[in-house]
Amino acid sequence: MLFSVHELEQRRIEFNEEFSPGDIDFGGDLRQRELLQASGRAELIHEHRGHSHVVEDIRIVGRFATSIEVLCARCLEPVAHAVSREFDLLYRPTGVDRRGDEVSIHQAETEISYYEGEGVLLEDVLREQVLLALPIRTVCREDCKGLCPKCGANRNGAECQCGDTGEDQRWAALKSRKNPGE
Ligand SMILES: [Zn+2]
Ligand SMILES: [Zn+2]
């Protein structure tokens, strides 16, 4: 769904959309598990900069919710995250701030991004917001044992045969000195 400057010049746009898994490409190892619901509104903000210089910003306010599967950082098993987030974003045309213009007063209150061409795609907004809503690092459980560095077996399951090497002993000693959660 495109929020085009042209259309926003006529009216503000309310949206209430559902995206099926696959509609938005999240890249990497992320997988959307259920419908992504997004609602909100888009409107044009006219920024007056000097005499006849008016910058047309697109403001998008809304919220979304879905469930995203990511891989455990240690054992690579999929882990589901319920993610939801509210956002209030301002998109400026690319290039308008290039000359180091003075920033507007309300800039601190909203996140500023830039758009190129006709306007902003809701799918692009949601992709970015989903990534921001996810934790930086996911583990399937605090005591996940991860993969065996030698044979690649998931050590949460059956023990592999690589167990009693010097390397593993040192790793165990290191682990016991650190926080139990890490
Ligand atoms: Zn794990
Ligand atoms: Zn092994």
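This one's a predicted model, so the numbers in the text were calculated from it and none came from an experiment. Atoms within a ligand are numbered from 1 in the order they appear, just like the ligands themselves. We're numbering straight along the sequence, starting at 1.
Protein atoms of type N/O/S that fall under 2.8 Å from the Zn ion (ligand 1) number 4 in this view.
Counting heavy atoms from C-beta on, the side chains of Leu132 and Phe87 never come closer than 4.5 Å. Residues Ser84 and Phe64 form no side-chain contact, since every pair of their non-hydrogen atoms from C-beta on lies 4.5 Å or further apart. Residues Ile13 and Met1 meet the side-chain proximity criterion, which asks for heavy atoms closer than 4.5 Å.
In terms of heavy atoms, Glu7 sits closest to Arg11 at OE2-NH2, 2.7 Å.
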If you look only at distance, which donor and acceptor atoms sit under 3.5 Å apart when one is on a side chain in residues 33-43 and the other is two or more places apart or in another chain?
from	atom 1	to	atom 2	distance (Å)
Arg33	NE	Ser67	OG	3.3
Arg33	NH1	Glu69	OE2	3.2
Glu43	OE2	Arg59	NH1	3.4

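Here the Zn ion (ligand 2) is the vertex; the SG atom in Cys162 and the SG atom in Cys160 give an angle of 110° (to 10°).
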Given side chain to side chain contact (heavy atoms under 4.5 Å, CB included), test Leu30 with Leu131 step by step and report yes or no. CA-CA 9 Å; Leu30 304 192; Leu131 296 177; 3.2 Å; yes
